[in-house]
Amino acid sequence: MASKKLAAFLQENLEDLKSRGLYNVIDPLESPNGPVIKIGGRELINLSSNNYLGLATDERLKKAAIEAVKEFGVGAGAVRTINGTLEIHVNLEKKIAEFKHTEAAIAFQSGFNCNMAAISAVMDKNDAILSDELNHASIIDGCRLSKAKIIRFNHSDMDDLRAKAKEAKESGQFNKIMVITDGVFSMDGDIAKLPEIVEIAEEFDLITYVDDAHGSGVLGNGAGTVKHFGLSDKIDFQIGTLSKAIGVIGGYVAGKQDLIDWLKVRSRPFLFSTALTPADVAACTKAIEILIDSTELQEKLWNNGDYLKKGLKELGFDIGHSETPITPCIIGDEVLAQQFSKRLNEEGVYAKAIVFPTVPRGTGRVRNMPTAAHTREMLDQAISIYEKVGKELGII
Ligand SMILES: *Cc1c(COP(=O)(O)O)cnc(C)c1O
């Protein structure tokens, strides 16, 4: 018999979300997730993907994936530690290490999985983790899974981090202490203050962990936020995803050989969840080769980001303090943010509203993710639609 308790719980909470404008409706795409997408038979300028470099639809990656399917099939057949490790997995990990300027790397099935895997492989209930309050949900869950004490510090507030690191260290309560941060914060586009974090880490003997999902392929000539600051040998864990700028699926941890060796025997998703498919591995490897060879795509991405920001700012929108191509357009009220996004959509721009709990209450926004694949024409058209809808709703 179906549970009445569950039915009541679901109905009540779904209705609550809908009435407050917080219920997210998913629109399936009838096209690839490129710079222009098709939804409901209509073409829309796409400003909502994480496909920063346009690699998700790149012909070179598609070809590599198809060839890998022909040679190795569609599935890896097992977890990595039984016999799901194909030679192409090993090759991918070598390429990632080269790309990140680290001794070694380990690939996982997703970036989310990396945080489930890596934190709890080294941290336990005798430890503490200093975590930026705006860290990604997967970091928060990974920290919880480890059972370490979680100490949140105010977003990118280095005085607060220092004070909490000092207190944790001097309490003598903890065996190991880790500081963990996003490299680039995806809702605002700001960059973690890694030079100061490293300084504090050295002072209080902290393990350093940077999840650079939005920085890899974007900053530091593609190698990411850590490289951007020249700190490749000072950060213990560099996490990245293969599903944003790289355009495919998967995640990785890059670091010292001993760390990677340990993760290969102790991280649970590596031991208990089937390996990335041959097509994914081959496409990711090709993407990383492209990024090692040339910075052309990053340059296009940054030019497009700067262009969009300038256009929206000149119109009078609040675009926050992004330091990357991510361009938020902060509206405040959740319902108005949803309405703004809906009107943009009707006029031909797909830019998703992002509201609580993804961002703090009262900071509802439409977030724009320009990519290397957008043309100037597309961006100009998007900016003029923003102007029209912004005036209509009294936002500018
Ligand atoms: C997107 C994101 C992830 C998840 O990566 P997936 O590969 O999509 O699972 C993890 N951490 C951060 C900081 C992210 O932005």
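Ligands are counted one by one from 1 in listed order, and the atoms in each one are counted from 1 as well. Worth knowing before you read on, the calculation uses all heavy atoms, side chains too, and leaves out hydrogens, waters and symmetry mates.
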Worksheet item: Given side chains that start at C-beta, do those of Leu242 and Ile288 come closer than 4.5 Å, heavy atoms only?
Response: yes

Discussion item. Tell me whether Glu202 is salt-bridged to Lys234, with the criterion being a basic N under 4.0 Å from an acidic carboxylate O.
Written reply: yes

Fill in: Side chain to side chain, Phe72 and Thr277, heavy atoms closer than 4.5 Å
no

Item to complete: Please confirm whether Ser138 comes under 4.0 Å of ligand 1, counting heavy atoms of the residue only.
Response: yes

Worksheet item: Is the shortest heavy-atom distance from the side chain of Met378 to the side chain of Val36 under 4.5 Å?
Response: yes

Discussion item. Using a 3.5 Å cut-off on N or O atoms only, is Ser243 in polar contact with ligand 1?
Written reply: yes

Item to complete: Would you mind telling me if ligand 1 is within reach of the side chain of Ser186, the backbone, both or neither, using heavy atoms under 4.0 Å?
Response: neither

Discussion item. Pairs of nitrogen or oxygen atoms closer than 3.5 Å, one from Ile139 and one from ligand 1: do any exist?
Written reply: no

Fill in: Residue Ala213 vicinity, atoms of ligand 1 by number, heavy atom under 4.0 Å
2 (C), 11 (N), 12 (C), 13 (C), 14 (C), 15 (O)

Discussion item. Please list, in number order, the atoms of ligand 1 under 4.0 Å from a heavy atom of Asp182.
Written reply: 13 (C)

Worksheet item: Is a donor on one side and an acceptor on the other found under 3.5 Å between the side chain of Thr85 and the backbone of Arg80?
Response: yes

Discussion item. Using side-chain heavy atoms (C-beta onward) and a distance below 4.5 Å, is Ile197 in contact with Leu194?
Written reply: yes

Item to complete: Would you mind checking which non-hydrogen protein atom is closest to atom 14 (C) of ligand 1, with the distance to 0.1 Å?
Response: Lys244 NZ, 2.8 Å

Fill in: Contact atoms of ligand 1, heavy-atom distance to Phe112 under 4.0 Å
4 (C), 5 (O), 6 (P), 9 (O)

Discussion item. Is a donor from one side chain sitting under 3.5 angstrom from an acceptor on the other, for Glu299 and Asn303?
Written reply: no

Worksheet item: For atom 5 (O) of ligand 1, which protein heavy atom lies nearest, and how many Å away is it?
Response: Gly111 CA, 3.4 Å

Worksheet item: Strictly under 4.0 Å, does any heavy atom of Gly250 approach an atom of ligand 1?
Response: yes

Discussion item. Using a 4.0 Å cut-off to any heavy atom of His214, which atoms of ligand 1 qualify?
Written reply: 15 (O)

Fill in: Which of the ligand 1 atoms, numbered from 1, are nearer than 4.0 Å to a heavy atom of Asp211
10 (C), 11 (N), 12 (C), 13 (C)

Worksheet item: For the residue pair His374 and Tyr307, is the inter-centroid distance of their aromatic rings smaller than 6.0 Å?
Response: no

